[in-house]
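Structure first, then comments.
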Amino acid sequence: MIAIIGGSGLCQFTGLSDVRREIVRTPYGEASAPLVFGGLASAEVVFLSRHGCNHTIAPHRINYRANIWALARAAQAQRIVAIATVGGIRADRAPGTLCLPDQIIDYTYGRDNSFGDDQPHANGVRHIDFTVPYDEPLRSALLFAAQSIGQDLIAGGVYAATQGPRLETAAEIRRLARDGADIVGMTGMPEAALAREAGLPYAAICPVVNWAAGCADSASSIDFQQISTQLDASLDRVRALITSFCEDSRYRPTD
Ligand code: HPA
């Protein structure tokens, strides 16, 4: 079972067969939306809309723990492919590109970021290794899937996770660039870390939908109409990429 977490603009994944919905309660509260089970190409998938059915949940209000618990424990998914829109910081991350980041810097705060918080571990605090935050075999599989349909997917890059819900200032983006960030989004953390805690391979496909604040076209402001137009165009490509990934079980070595 492949879990797909949809972000902005992707509240449902059209094209699933034999769809079944399930509302899941978790020890951490309610997930953002009912889980949607269905078939996609030759795979069983479970889809979750991160921002809720009607995009009502802001990035800092998302119950990331409930979402990951629902996918890992209730749905028994074996891997998570997340979709998370971003702003482009580096010159080669223009709106329209799709990125598959390999690193994260976390600038978020005040979010429940561990399953261990409420359940003190009998043997002391549990730490996870997060040196390589995204799952490499899953990333490779997604790259193969992209190649096989001639889709450009930029391999690698540093994802800066910011708190939101406001966009950044130009000075903040200059700071992120100095830190080595290539793209910026608001939902990458703690989602990736919780998936690691839950033992699920996780990778994120990041459509760039705008230049980050202060960069290129966004030198003096960010145009929301452009974001929405870009988002629609990019999401068709993301759907094609995920369908290609689901088509070939070679991309899913542990099925
Ligand atoms: N900043 C933060 N998150 C985003 C952006 C951005 O410019 N674009 C899309 N998500």
Side-chain angles (χ1 to χ4, degrees), residues 4-11 32 48-52 54-62 64 67 81-111 113 133-134 152-154 156-193 202-239 241-242:
I4 302 166
I5 301 181
S8 294
L10 201 63
C11 294
S32 295
L48 174 60
S49 172
R50 187 191 284 118
H51 295 281
N54 299 311
H55 202 285
T56 49
I57 312 174
H60 63 302
R61 298 278 186 212
I62 291 167
Y64 293 95
N67 286 354
V81 176
I83 299 138
T85 57
V86 293
I89 299 177
R90 209 165 94 173
D92 64 352
R93 310 294 153 121
T97 47
L98 292 185
C99 309
L100 190 67
D102 61 356
Q103 278 296 332
I104 301 175
I105 304 177
D106 186 7
Y107 299 92
T108 67
Y109 48 87
R111 300 183 182 189
N113 63 3
Y134 298 107
D152 276 339
L153 178 62
I154 300 186
V158 178
Y159 176 108
T162 55
Q163 179 70 357
R166 67 166 176 83
L167 292 163
E168 300 72 32
T169 66
E172 285 169 336
I173 293 296
R174 286 198 295 273
R175 172 190 167 207
L176 300 189
R178 285 195 300 275
D179 285 354
D182 302 310
I183 51 179
V184 56
M186 300 174 190
T187 55
M189 285 294 282
E191 194 171 271
Y202 174 98
I205 300 169
C206 297
V208 182
V209 293
N210 59 283
W211 283 111
C215 305
D217 285 357
S218 302
S220 55
S221 67
I222 290 178
D223 180 341
F224 288 94
Q225 185 51 47
Q226 248 175 33
I227 291 190
S228 143
T229 310
Q230 185 57 64
L231 190 55
D232 289 344
S234 297
L235 288 179
D236 284 342
R237 291 169 51 214
V238 171
R239 266 188 287 266
L241 166 53
I242 291 182

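Counting starts at 1 for both ligands and their atoms, following the listed order. Hydrogens, waters and symmetry mates are skipped; everything else that's a heavy atom, side chains included, is used.
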Margin query: Show me which atoms of ligand 1 lie under 4.0 Å from any heavy atom of Met186.
Written below: 2 (C), 3 (N)

Check: Just heavy atoms, cut-off under 4.0 Å: does Val184 contact ligand 1 by side chain, backbone, both, or neither?
Finding: both

Next item on the list: Tell me which part of Ile227 gets within contact of ligand 1: side chain, backbone, both or neither, using heavy atoms under 4.0 Å.
Entry: neither

Next item on the list: Give a yes or no on this: more than 12 heavy atoms of other residues, nucleotides or ligands lie within 6.0 Å of atom CG of Asp236.
Entry: yes

Next item on the list: Please check if atom CG in Asp223 has more than 12 non-hydrogen atoms from other residues, nucleotides or ligands closer than 6.0 Å.
Entry: yes

At what distance is the nearest protein heavy atom to [atom], and which residue and atom is it?
atom	result
atom 3 (N) of ligand 1	Gly185 CA, 3.4 Å
atom 10 (N) of ligand 1	Thr85 O, 3.4 Å
atom 2 (C) of ligand 1	Glu168 OE2, 3.2 Å
atom 6 (C) of ligand 1	Leu167 CD2, 3.4 Å

Check: Ignoring hydrogens and geometry, is there a side-chain-to-backbone donor-acceptor pair from Thr187 to Ala84 under 3.5 Å?
Finding: no

Notebook entry, point to check: Between Asn210 and ligand 1, does any nitrogen or oxygen pair lie at a separation below 3.5 Å?
Noted result: yes

Next item on the list: Look only at interatomic distance and state if Gly87 has a nitrogen or oxygen under 3.5 Å from any nitrogen or oxygen of ligand 1.
Entry: yes

Note to self: Within the 4.5 Å heavy-atom criterion, are Asn113 and Thr108 side-chain neighbours or not?
What the structure shows: no

Notebook entry, point to check: Do Ser8 and His55 have side-chain N/O donor and acceptor atoms under 3.5 Å apart?
Noted result: yes

Checklist line | From CD1 (Ile105) to CG (Asp179), nearest 0.5 Å | finding: 5.0 Å

Note to self: Working to the nearest 0.5 angstrom, can you tell me the gap between Asp182 CG and Ile154 CD1?
What the structure shows: 9.0 Å

